[in-house]
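One structure is given below, encoded as structure tokens.
As a basis for the values below, the full set of heavy atoms in this structure was taken, side chains included, without hydrogen atoms, waters or symmetry mates. Keep in mind that this is a model prediction, so the values were computed, not measured.
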Amino acid sequence: MRPPQVLKGMRDILPQQMLLRQHVISTFRRVFERYGFEPIETPVLEYLDVLTGKYGEDEKLIYHFTDRGGREVGMRYDLTVPLARFVATHRHELSFPFKRYHIEPVFRADRPQRGRYRQFWQCDADIVGTASMLADAEVIMVWIDALSAIHMPNFVIHINHRKLLQSMAQFAGVPDAQAVTIHRAIDKLAKIGRDGVREEMLQNGISPEAADRVLDLVELEGEPGVVLAELRTRLAGNQLAEEGIADLEELFRYLGELNADPKHYCLDLALARGLDYYTGPVFEAMVSEPNIGSLGGAGRYDHLIGMFLGEDIPATGASLGLERIIDVIQVLNLLPQPQTVTDVLVTIFGDEGLGASLGFVSQLRAAGINAEVYLGERRDLRRQMQYADRKGIPLAAFLGPEEIAAGMVNVRVMATGEQFTVPVGEAVDAINRLHVRERDSDGAARQ
RNA sequence: GUGCCUCUAGCUCAAUUGGCAGAGCACUGGUCUGUGGAACCAGGGGUUACGGGUUCAAGCCCCGUGAGGCACCCCA
């Protein structure tokens with residue numbers, strides 16, 4: 001018999017790792033709520049046809065099966081399409097513009113690699129029911145704040161516009177059917193360089209003249225206002241370009257007025273983004289240091305909800321990949337690794353001391369302090385101290401015969417070895433005064 | 001989905017040409033039941049990912065399966 005393994009692309013998460021995840025999740029939650037996004041949840045499973053026809057080629061990565069009632073069932077591929085279905089379902093129960101966040105696992109039958117799993121969590125914040133670029137600006141702001149809140153350094157949100165991409169293909173004289181080929185190629189500009197992109201376009205039947213025209217546009221860099229003005233001149237007369245440029249000018253203006261830190265966003269005319277449903281501005285959060293791809297993708301999708309409703313409701317949103325963010329945090333050591341949820345280990349002195357220790361631990365718990373006694377059968381002090389040490393429990397409390405007789409308790413700060421004795425009645429205050437840690441609502445340690 | 005690489009104790013890795021499966025760390029126990037991290041001593045742990053084949057003999061060679069990784073593809 002083969003020892004049990006977890007399914008390809010899926011992982012168990014151990015307590016320490018889980019504490020770090022919970023810390024990141026609750027940090028994101030706080031940032032999302034600071035902007036007025038509210039939580040929802042949707043089922044992991046949807047009717048398969050809810051999911052199909054939305055992602056383009058990626059559709060083949062949707063996990064699907066037939067259930068016992070003969071229904072064709074798909075596991076959600078992202079949280080955006082379920083949101084669109086959700087809005088269509090609950091349209092009359094929501095007030096618009098509707099802002100929701102959604103932090104849950106999604107599934108993709110992809111071939112796994114580092115930073116690439118078959119089950120992973122997305123952290124989404126979306127705004128439904130407004131075509132205003134202000135919504136897109138808010139989405140970018142919430143991203144910047146969320147990534148800043150976990151001390152992510154050097155991240156940059158690349159910004160482009162689907163209409164600009166299309167107009168550039170038109171400008172180069174490439175038929176719409178081949179536009180995707182061009183977008184796919186230029187998306188690799190940073191990776192394979194101008195020559196590589198040009199070669200790929202030529203191999204896919206793009207004429208050298210068209211390739212160069214596109215590349216000359218895409219390689220424009222610099223201050224967004226300046227680049228957009230230059231584009232306006234070069235693409236003059238192109239309807240899509242006009243619209244895209246106007247959107248982006250408005251968007252960058254709002255970002256400035258919202259005091260977005262300019263080092264965290266840029267105009268990137270080569271950014272394509274694959275998913276079919278994007279219609280307007282598109283965003284991607286990138287870090288340079290660990291080579292892990294993007295931390296998140298986002299954009300405006302004004303026609304997606306219409307696919308369920310028959311009537312368009314404009315929407316825009318952002319999606320962060322939890323696993324990749326955790327990977328970066330660990331590679332760069334951005335946050336101290338939380339060890340345990342326990343604040344205090346109450347030690348036990350033999351059978352005579354057991355009652356006093358149990359009484360004390362229950363007092364601590366009633367006061368909201370995370371406290372435990374050593375549950376092993378052999379409870380010599382050495383063993384109990386080792387347990388506290390290995391778990392990283394910051395405080396140990398001793399109620400031996402002397403303390404019990406005097407109505408006192410002895411508290412040891414494990415990290416320093418300092419010890420002090422206080423009356424049992426004052427122990428809660430004394431422990432709280434040590435300010436061992438703050439707590440999140442879910443109990444994860446916080447810095 | 002394509003190509004390539006990898007899998008030996010909980011972890012990191014050894015094992016000559018195909019010839020008795022090992023070390024360090026970790027773990028458990030002891031020195032040591034009023035105080036953890038150290039040291040010393042002892043111990044447990046393996047169908048070499050799983051299944052099959054070749055061979056007198058397989059951790060090593062061959063085939064299949066599973067999982068991990070790299071490059072594509074694409075993406076979080």
- Would you mind classifying the nucleic acid contact of A:Gly417 as base, sugar-phosphate or nothing, using non-hydrogen atoms under 4.0 angstrom? base
For residues 348-374 of chain A, the ring pair (Phe, Tyr, Trp, His ring centres under 6.0 Å) pairs (sequence neighbours left out) are A:Tyr374-A:Tyr387
Under-4.0 Å side-chain N/O to phosphate OP1/OP2 contact, A:Lys191 with B:C72: yes
Less than 4.5 Å apart, side chain to side chain, heavy atoms only: is that true for A:Arg118 and A:Phe107? no
Residues at least two apart in sequence or cross-chain that pass salt bridge (charged side-chain N to carboxylate O under 4.0 Å, His left out) with A:Lys188, listed by chain then number, are A:Glu200
- Message: It should be established whether A:Lys391 places a side-chain nitrogen or oxygen under 4.0 Å from OP1 or OP2 of nucleotide B:G36.
- Response: no
Any donor-acceptor pair, under 3.5 Å, between the side chain of A:Arg184 and the base of B:C73, if you only look at N and O atoms?
no
query: So what does A:Glu402 hit on the nucleic acid, given a heavy-atom distance under 4.0 Å: a base, only sugar-phosphate, or nothing?
result: base
Check: Contact class for A:Val106 (heavy atom, under 4.0 Å): base, sugar-phosphate, or nothing?
Finding: nothing
- Query: What is the nucleic acid contact for A:Glu284, judged by heavy atoms within less than 4.0 Å: base, sugar-phosphate only, or nothing?
  - Reply: nothing
Within residues 111-128 of chain A, the residues having a heavy atom closer than 4.0 Å to RNA chain B are A:Arg111, A:Pro112, A:Gln113, A:Arg114, A:Gly115, A:Arg116, A:Tyr117, A:Phe120, A:Gln122
A:Leu61 CG to B:C72 C1', in whole Å, measures 14 Å
**Message:** Is there a side-chain contact between A:Arg11 and the phosphate of B:G68, meaning an N or O under 4.0 Å from OP1 or OP2?
**Reply:** no
Residues pairing under salt bridge (charged side-chain N to carboxylate O under 4.0 Å, His left out) where one sits in residues 39-63 of chain A, two or more places apart or in two chains, turn out to be A:Glu46-A:Arg85, A:Glu57-A:Arg184
Hey, does the side chain of A:Arg383 come within less than 4.0 Å of B:G30's phosphate (OP1/OP2), counting only N and O?
yes
Review point. Per the atom types in the model, does the base of B:G1 pair as donor or acceptor with the side chain of A:Glu57 at under 3.5 Å?
Key: no
Those stems involving RNA chain B that have three or more consecutive Watson-Crick or G-U pairs, both distances under 3.5 Å, are B:1-7 with B:66-72, B:10-13 with B:22-25, B:27-31 with B:39-43, B:49-53 with B:61-65
query = Heavy-atom count around A:Arg114 CZ within 6.0 Å, excluding the residue itself: above 12?
reply = no
Check your understanding: When the C1' atoms of B:C50 and B:G66 are considered, how many whole Å apart are they?
Key -> 7 Å
Under 3.5 Å donor-acceptor pairs involving side-chain atoms of residues 133-141 of chain A, not counting sequence neighbours:
| unit_1 | atom_1 | unit_2 | atom_2 | d |
| --- | --- | --- | --- | --- |
| A:Asp136 | OD1 | A:Arg300 | NE | 3.0 |
| A:Asp136 | OD1 | A:Arg300 | NH2 | 2.8 |
| A:Asp136 | OD2 | A:Arg300 | NE | 3.3 |
| A:Asp136 | OD2 | A:Thr316 | OG1 | 2.7 |

At 4.0 Å (heavy atoms only), tell me whether A:Gly297 reaches a base, stays on the sugar-phosphate, or touches nothing. sugar-phosphate
| query | Are A:Arg108 and A:Asp110 ion-paired here, with the side-chain N under 4.0 Å from a carboxylate O? | reply | no
### Query
Does A:Gln419 get its side chain close enough to the base of B:U35, under 3.5 Å, for a donor-acceptor pair?
yes
Considering only heavy side-chain atoms of A:Arg382, the closest of B:U31, B:G34, B:C74 is B:U31
Check whether any side-chain nitrogen or oxygen of A:Lys188 sits under 4.0 Å from OP1 or OP2 of B:C74, and answer yes or no.
-> yes
